[in-house]
Amino acid sequence: MEIEFDALMKLPLDQLNFQLSPSLSAKNPGAVLDAMVAQTAAAQDDPQIDVQMDVPYGPRPRQKLDVFHPKAGEARLNL
């Protein structure tokens, strides 16, 4: 299933903020963030996943992202 970026950008700002912010959308944001940390650590330890941490995408110090992709086989993206 392909998600169209233009369709997402037509959502009202409050809906976008709700969907993109665990502190707004999760019943227990601390648990959501803890789970994300645990999942990241598990991916880093998985021999089938190639992980690139802190890849810069802009000029500012905090403009970094982490990239996860399979080392072999068919690539999948889970949203």
* To do: Name all pairs fulfilling the side chain to side chain donor-acceptor pair (under 3.5 Å) condition that reach into residues 30-40, sequence neighbours left out, sorted by first residue then second.
  => none

* Whether Gln63 side chain and Arg60 backbone form a donor-acceptor pair below 3.5 Å -> yes

* Asked: Minimum heavy-atom separation for Phe68 to Met53, with atom names?
  -> CZ-SD, 4.5 Å

* Within a strict 4.5 Å, meaning less than it, do heavy atoms of the Asp54 and Asp66 side chains meet? -> yes

* Are Val67 and Tyr57 connected, step by step, through hydrophobic side chains (Ile, Leu, Val, Met, Phe, Trp, Tyr) whose heavy atoms are closer than 4.5 Å? -> yes

* **Partners passing side-chain hydrogen bond (donor to acceptor under 3.5 Å, both in side chains) against Asp50 (at least two apart in sequence or in another chain)** => His69

